[in-house]
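The structure appears below as structure tokens.
Any value given below was found using the heavy atoms of this structure, including those in side chains, with hydrogens, waters and symmetry copies removed. These numbers were taken from a predicted model, which means no experiment stands behind them. Here, residue 1 is the first one in the sequence, and each next residue gets the next number.
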Amino acid sequence: MGRLLGLMLFCIGIGMVIGMLITENAIIVIGAAVCLLCGYQMFCR
């Protein structure tokens, strides 16, 4: 279950990075970084 949640968070982070290319916002940058890091850590456990 943790791996699935990690993969979902990682994919959400990737989507936020793609969205960041359209508009740059500090909240989006921070949110994308948090999603990518948390997702990576949960998936690799």
Side-chain angles (χ1 to χ4, degrees):
M1 188 70 178
R3 288 180 60 107
L4 180 63
L5 288 175
L7 181 63
M8 287 173 29
L9 275 174
F10 190 78
C11 289
I12 290 171
I14 292 292
M16 291 177 90
V17 168
I18 292 170
M20 190 175 54
L21 295 175
I22 299 169
T23 60
E24 289 193 20
N25 207 356
I27 295 172
I28 295 175
V29 173
I30 293 169
V34 168
C35 284
L36 287 171
L37 289 173
C38 290
Y40 182 76
Q41 288 295 325
M42 290 176 74
F43 187 73
C44 289
R45 272 192 182 174

>> For a quick test of reading the model, state the closest non-hydrogen atom pair linking V17 to A32 and the distance between them.
In response: CG2-CB, 4.1 Å
>> On a heavy-atom basis, which atom in Y40 and which in F10 lie closest, and how many Å separate them?
In response: N-CD1, 4.3 Å
> So M16 and I12, side chain to side chain contact (heavy atoms under 4.5 Å, CB included) or not? Walk me through it.
Replying inline: CA-CA 6 Å; M16 291 177 90; I12 290 171; 4.2 Å; yes
> Atom CE in M8, atom SG in C35: separation rounded to 0.5 Å?
Replying inline: 10.5 Å
>> If I take atom CG from residue L4 and atom CZ from residue F43, how far apart are they, to the nearest 0.5 angstrom?
In response: 9.5 Å
> Are L5 and L9 linked, directly or through other ILVMFWY residues, by side chains that come within less than 4.5 angstrom of each other?
Replying inline: yes
